[in-house]
Enquirer: 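My questions will all concern the structure given below.
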Amino acid sequence: MAFGDYPADYNPKVHGPYDPARFYGKPDTPFGQVKVGEIGSWLARRNKSPSALAGAFSRAYWRWQHKYVQPKKSGIAPFLQIVVGSMIFFYTINYTKLSHHRNYKYH
């Protein structure tokens with residue numbers, strides 16, 4: 001699969017129009033239905049390649065887009081999610097600098 005191609009398992013005659021938020025591979029047991037003893041075998045069945053990870057992030061992004069950004073009556077939720085996410089991100093990357101400015105009471 002080259003950059004920009006459809007997934008190998010996508011068949012337009014079977015699946016209809018392409019949806020970037022949908023996984024077209026072989027379906028597996030959802031993680032919520034996996035028993036504790038089967039977690040190791042469930043993780044072993046996952047594809048751990050960089051392209052699979054990029055595909056998972058891409059599907060998650062498009063699901064977020066379809067749910068919060070692209071509806072006709074979209075609210076303020078996607079903007080607040082981006083603001084809160086960026087606040088958390090910048091706080092974590094600046095934590096070491098901020099921790100030096102704590103006010104301690106010595107006694």
Side-chain angles (χ1 to χ4, degrees):
M1 182 171 140
F3 184 74
D5 289 345
Y6 289 126
D9 297 327
Y10 171 67
N11 184 356
K13 294 179 182 175
V14 175
H15 299 112
Y18 179 71
D19 182 11
R22 182 175 171 200
F23 178 66
Y24 289 104
K26 183 182 175 202
D28 196 9
T29 308
F31 184 71
Q33 296 176 1
V34 176
K35 295 183 175 130
V36 175
E38 300 171 349
I39 291 177
S41 63
W42 186 85
L43 286 172
R45 291 192 302 262
R46 302 284 76 108
N47 185 358
K48 298 169 189 75
S49 67
S51 62
L53 185 64
F57 280 119
S58 174
R59 286 190 302 276
Y61 170 76
W62 280 107
R63 284 187 190 123
W64 179 77
Q65 282 278 323
H66 290 159
K67 185 172 184 178
Y68 293 108
V69 179
Q70 294 181 357
K72 285 187 179 181
K73 294 187 178 182
S74 177
I76 196 168
F79 304 109
L80 291 178
Q81 290 170 349
I82 290 172
V83 167
V84 170
S86 62
M87 287 169 54
I88 292 170
F89 173 72
F90 284 110
Y91 180 78
T92 56
I93 64 173
N94 291 314
Y95 180 75
T96 56
K97 296 173 188 148
L98 294 172
S99 64
H100 294 297
H101 295 283
R102 289 185 183 149
N103 291 326
Y104 288 108
K105 186 173 184 181
Y106 297 101
H107 54 308

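Values below: every heavy atom of this structure, side chains too, minus hydrogens, waters and symmetry copies.
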Enquirer: Please examine the side chains of Tyr24 and Tyr18, heavy atoms only from C-beta on, and report whether any two atoms are closer than 4.5 Å.
Expert: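 Tyr18 reaches Tyr24 side chain to side chain.
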Enquirer: Could you state the interatomic distance from NZ (Lys97) to OH (Tyr95), rounded to the nearest 0.5 Å?
Expert: 14.5 Å
Enquirer: Nearest 0.5 Å, please: how far is CH2 in Trp42 from CZ in Phe31?
Expert: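 That separation rounds to 6.0 Å.
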Enquirer: Kindly compute the distance separating CD1 (Ile93) from CG (Leu98), expressed to the nearest 0.5 Å.
Expert: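 These two atoms lie 10.0 Å from each other.
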Enquirer: Does a side-chain heavy-atom distance below 4.5 Å link Gln70 with Trp62?
Expert: yes
Enquirer: Hey, could you give me the NZ/OG distance between Lys72 and Ser74, rounded to the nearest 0.5 Å?
Expert: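 It comes to 13.5 Å.
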Enquirer: So how far is it from Asp19 CG to Tyr10 OH, rounded to the nearest 0.5 Å?
Expert: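 The OH atom of Tyr10 is 9.5 Å from CG of Asp19, to the nearest 0.5 Å.
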Enquirer: Heavy atoms, side chains only, cut-off 4.5 Å: are Trp64 and Gln81 in contact?
Expert: yes
Enquirer: Okay, side chain of Thr92, backbone of Ile88: is any donor-acceptor separation there less than 3.5 Å?
Expert: yes
Enquirer: Any chance you could measure Asn94, atom CG, to Ser99, atom OG, to the nearest 0.5 Å?
Expert: 10.5 Å
Enquirer: Less than 4.5 Å apart, any side-chain heavy atom of Phe23 and any of Asp9?
Expert: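 No; the side chains remain at least 4.5 Å from each other.
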Enquirer: Please report the closest heavy-atom contact between Leu43 and Lys48, naming both atoms and the distance.
Expert: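 Of all heavy-atom pairs spanning Leu43 and Lys48, the closest is O-NZ, 2.8 Å.
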Enquirer: Does the side chain of His15 come within less than 4.5 Å of Arg22's, by heavy atoms?
Expert: yes
Enquirer: Is there a side-chain contact between Thr29 and Glu38 (heavy atoms, below 4.5 Å)?
Expert: no
Enquirer: Mind checking whether Tyr61 and Pro20 have side chains closer than 4.5 Å, heavy atoms only?
Expert: no
Enquirer: Any idea which heavy atoms bring Pro71 and Tyr68 closest together, and the distance?
Expert: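 Looking at all heavy atoms of both residues, the shortest contact is CD-C, 3.7 Å.
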